[in-house]
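Here, residue 1 is the first one in the sequence, and each next residue gets the next number. These values consider heavy atoms only, across backbone and side chains, with no hydrogens, waters or symmetry-generated copies.
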Amino acid sequence: MNQLPLGIGLHEGITFDNFCFDNNREAQHALTRGRQQFVYLWGPAGSGKSHLLQSLGHQAALCGETSAYLPLTDAAELSPNYLHNLEQLSLVCIDDIDSIAQQPQWEEALFHLYNRIRAGDTRLTLAASSSPATIPIALPDLRSRLSWGLVLRLTLLDDDSKLAVLQERARARGMELPTEVARYLLHRISRDMRTLSDWLEKLDEKSLAAQRKLTIPFVRELLLPDKEKST
């Protein structure tokens, strides 16, 4: 993997092939076929922003390009110096930029990264939960740069699409996830795709350990809090 050694890696198996673009066809075309220098993705939690950024990283690696993926939810543990020299890479993906809003050193570092990248061929893709117009960035010059290039809004999948994605990911793991079990899960936990994917991984581990198929009684048992199981 041709990535800058930031200590933050891409998750294996997160690609464009297992992302459901049903509600986001413009993003599908722009990210899988286009090579815009600046792209800004925004949308609610669970709309797939992190998945798409990591998919871009995997795609870059397949093309022999260098890339970096930097989630700024960890900004408190990182330094704005992480943004230095990223313009030397082919692709830079920065997630959760809302996390550094109102932090002058981070805002200034991102502003200067934009300027350095604009002078070269590096591609920069950012992700946030709000649009460039509403994100609470204090530095006016950075706010203007967030609108450079392509701005794409991502929307949440409906329940049928989420169910289809869960079943496809289950098949990729060699699991059988019956439709009634998938619907049971959808109605009992948070419906954002990150939580659903985490639960799918947990179900895979637990079913293998118990040598049991995925059934509603088995899933119900796993969803019960430990306190209720002991009563």
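Tracing side-chain contacts under 4.5 Å through hydrophobic residues (I, L, V, M, F, W, Y), one never reaches L200 starting from I14; they form parts of separate clusters. With hydrophobic clusters built from ILVMFWY side chains whose heavy atoms lie under 4.5 angstrom apart, L186 shares a cluster with I189. There is a path of hydrophobic side-chain contacts, each under 4.5 Å, that joins Y184 to V165.
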| request: I would like to know whether L203 and V181 meet side-chain contact (heavy atoms from CB on, under 4.5 Å); could you show each step before the answer? | output: CA-CA 11 Å; L203 291 175; V181 176; 5.6 Å; no
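Checking each of H51, K202, R169 against S197 for a side-chain hydrogen bond (donor to acceptor under 3.5 Å, both in side chains) leaves exactly one that passes, namely R169. Only one option out of L223, I216, L222 pairs with V219 in a side chain to side chain contact (heavy atoms under 4.5 Å, CB included); it is L223.
Taking a cutoff of 4.0 Å between a charged side-chain nitrogen and a carboxylate oxygen, E168 and R171 qualify as a salt bridge.
Distance NZ/K162 to SG/C20: 11.0 Å, rounded to 0.5 Å. To the nearest 0.5 Å, the span separating CD on Q103 from CD1 on I137 amounts to 9.0 Å. Interatomic distance, CH2 of W199 versus CG of D204, reported as 13.5 Å (0.5 Å rounding).
Q59 pairs by the side-chain contact (heavy atoms from CB on, under 4.5 Å) definition with F16, L56, not counting sequence neighbours.
Side chain of R123 to main chain of V39: no donor-acceptor pair is present (N/O by atom type, distance under 3.5 Å, no hydrogens or angles). Between the side chain of K49 and the backbone N or O of L41, no donor-acceptor pair lies under 3.5 Å. When atom types are taken as modelled, the side chain of H29 and the backbone of R25 share no donor-acceptor pair closer than 3.5 angstrom. Counting only distance, with no hydrogens or angles, the side chain of E107 and the backbone of L139 share a donor-acceptor pair below 3.5 Å.
Put simply, the side chain of W148 does not reach to within 4.5 Å of the side chain of L124, judged on heavy atoms. Taking the side chain as every heavy atom from C-beta outward, S55 and L31 never approach each other to under 4.5 Å. Annotation: side chain of L70 is in contact with side chain of L78 (closest heavy-atom distance under 4.5 Å). Side-chain contact between L214 and E176 is absent, with no heavy atoms from C-beta onward closer than 4.5 Å. With contacts defined as side-chain heavy-atom distances shorter than 4.5 Å, the pair F21/L52 qualifies. Put simply, the side chain of S67 does not reach to within 4.5 Å of the side chain of L89, judged on heavy atoms.
The minimum heavy-atom distance between V151 and P132, with the atom names listed, is CG1-CD, 3.9 Å. Here the closest non-hydrogen pair linking T134 and R143 is N-NH2, 4.5 Å. Closest approach of A68 and L86 over heavy atoms only: CB-CD2, 4.3 Å.
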For residues 114-121, please give each side-chain donor-acceptor pair under 3.5 Å, one per line with the distance, not counting sequence neighbours.
unit_1	atom_1	unit_2	atom_2	d
N115	OD1	R145	NE	2.8
N115	OD1	R145	NH2	3.3
R116	NE	E87	OE1	2.9
R116	NE	E87	OE2	3.3
R116	NH2	L83	O	3.0
R116	NH2	E87	OE1	3.4

N/O donor-acceptor pairs under 3.5 Å from side chains in residues 91-100, not counting sequence neighbours:
unit_1	atom_1	unit_2	atom_2	d
D95	OD2	S50	OG	2.5
D95	OD2	Y69	OH	2.7
D98	OD1	S129	N	3.1
D98	OD2	S129	N	3.1
D98	OD2	S129	OG	2.7
S99	OG	D96	O	3.2

Extract all donor-acceptor atom pairs below 3.5 Å that involve side chains of residues 152-160 and protein atoms in other chains or at least two apart in sequence.
unit_1	atom_1	unit_2	atom_2	d
D158	OD1	D160	N	3.3
D158	OD1	S161	N	2.8
D158	OD1	S161	OG	3.0
D159	OD1	R191	NH1	3.2
D159	OD2	R191	NH1	2.4

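Pairs engaging residues 208-218 under the salt bridge (charged side-chain N to carboxylate O under 4.0 Å, His left out) rule: R212-E221 [sequence neighbours left out]. Listed by first and then second residue, the side chain to side chain donor-acceptor pair (under 3.5 Å) pairs that reach into residues 30-47 are R35-E65, sequence neighbours excluded.
Counting heavy-atom neighbours within 6.0 Å of Q102 CD, excluding the residue itself, gives a total above 12.
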